[in-house]
Amino acid sequence: MEEFVGLTPRETLKRVSASLGCSPTSAEVASYLDKHDKLRHLREKFLVPRIADLPPSDLSLVDGTKDCIYLVGNSLGLQPKMARKYLDEELEKWAKMGVHGHEKGLRPWAWAENTIENLMANIVGAKTEEVALMNGLTVNLHLLLLSFYKPTATRHKILLEDKAFPSDHYAIESQIRLRGFDPQQSMLVQSPRPGEETLRTEDILEVIEKEGDSIAVVMFSGVQYYTGQLFNMAAITEAGHRKGCYVGFDCAHAAGNVELRLHDWGVDFACWCSYKYLNSGAGGIAGAFVHEKHKDTIKPALLGWWGHDLNTRFQAKSELLSGVSGFRLSNQPILLICPLQASLEVFHMTSMQAIRRKSLLLTGYLEYLIQHYYSEDPNQPHKPHVRIITPLDPEQRGCQLSLCFSVPIRKIFEEIQKRGVTCDMREPSVLRITPVPLYNSFSDVHRFIETLGLALAAASH
Ligand SMILES: *Cc1c(COP(=O)(O)O)cnc(C)c1O
């Protein structure tokens, strides 16, 4: 969409609707944007569920043969079509040659994960040697904290956001206990200002500046899972380093969503899962990053054979690999590598820059339509009240918008699900709506807004 470069989403919508002679809210605008979307062919690389196959859908209300409106890639990405083929190939190989599969075929199991680490590294802005694919996200967070969290009597705190993802909270709390410290004293939890939903960068930087001498590790998410806020990782990293802290990020909601430059920003360590924006399927193999500056100094606390040199792995005195590769413990699950490979190859057909460019317009379009139909002002009686919790500044968010309704959400959620929308609900009143630029269309967003209107009307009866 080169003709729109430099325009805000609002300006783009005005320009397109003027040229089509329709309202910016018309479905024609969505069709036009889809037709001119340079990434639209990538949707074909994924399996989009049909409405009829979704358990909550009510076929008296909606045409079941249509694609569902899948807006929950922040929770579980769609299945890449090639996943099944790659899995079949490995099952076939296992059936036909058994143990020889470790070294033969398209994906020798003994080093299959290594062959896709470069694709993964591209997505998070890292060098290949800085990335490992292993375990699950929470496991990787633990392994990294075992090496980066070295509390002392004076420097023992971990700074994190309030209402961090529960697993991160548990991991950090238990790591603090493991070292004999008290989470009450050592967990420094930062909340937004009263009346605000998201953290201000200046407030994060101020806490680091003020408390930095007692902070061992600054550990934020890249994109906050609930609010959708994208943190300024470069500024947080710099501020942490100025005070002598290690800085790590949980990129579960950032990897494959926004442009990351973990290497250039000098981030010390990071971890992420692959089943959200990276579409590897539930429980998919996770990622870990250790900056190359630490490759000879930061050592894994726990060792396994897979962190050792492939050629001498079977020997008791093999060489521990430097950097993040040395953190690997067990031989990697080939059946999890297959779907991740299928997805990463789709990312490789484009770039995070192009994905982000589409994302800014796609999510901007959703924002425009929400603001058009719904009021922020609870005192306005004519329109339902919907507040966007996610920052309105596109630099401070990824593709997700978290919508807070003035009414309890459960009934509305049920009504939109009956009509073929798949999204995420957090009681009492929040919907997380996530148009994923890799496979969602502008028409998906338009259909969602239409469906939301019908659901609100149905729920109020
Ligand atoms: C999704 C998510 C998790 C899930 O952890 P698993 O170990 O993959 O189950 C943890 N932390 C964050 C921030 C997440 O978004």
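For the numbers below, each heavy atom of this structure counts, side chains included, while hydrogens, waters and symmetry mates do not. Note that the numbering runs from 1 along the sequence shown for the chain. Ligands are counted one by one from 1 in listed order, and the atoms in each one are counted from 1 as well.
Residues passing the side-chain contact (heavy atoms from CB on, under 4.5 Å) test with Leu188, sequence neighbours excluded: Lys157, Leu159, Val207, Glu211, Ile215.
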Result block: side-chain N/O donor-acceptor pairs under 3.5 angstrom for residues 335-349, not counting sequence neighbours:
| unit_1 | atom_1 | unit_2 | atom_2 | d |
| --- | --- | --- | --- | --- |
| Gln341 | OE1 | Arg107 | NE | 2.6 |
| Gln341 | NE2 | Glu345 | OE2 | 2.8 |
| Ser343 | OG | Leu278 | O | 2.7 |
| Ser343 | OG | Asn279 | ND2 | 3.3 |
| Glu345 | OE1 | Tyr86 | OH | 2.5 |

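Pairs of residues two or more places apart, or lying in two chains, that qualify as ring-ring contact (aromatic ring centres under 6.0 Å, His included) and include a residue from residues 169-204 are His156-Phe181.
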Quick one: ligand 1 N/O to protein N/O pairs below 3.5 Å?
| unit_1 | atom_1 | unit_2 | atom_2 | d |
| --- | --- | --- | --- | --- |
| ligand 1 | 5 (O) | Thr138 | OG1 | 3.4 |
| ligand 1 | 7 (O) | Thr138 | N | 2.9 |
| ligand 1 | 7 (O) | Thr138 | OG1 | 2.6 |
| ligand 1 | 8 (O) | Tyr275 | OH | 2.5 |
| ligand 1 | 11 (N) | Asp168 | OD1 | 2.5 |
| ligand 1 | 11 (N) | Asp250 | OD2 | 3.3 |
| ligand 1 | 15 (O) | His253 | NE2 | 3.2 |
| ligand 1 | 15 (O) | Lys276 | NZ | 2.5 |

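In this structure, CZ on Arg328 lies 10.5 Å from CG on Asn135, to the nearest 0.5 angstrom.
Separation of the His294 and Phe269 ring centroids does not fall under the 6.0 Å cut-off.
In terms of modelled atom types and a separation under 3.5 Å, the side chain of Lys358 and the main chain of Pro437 share a donor-acceptor contact.
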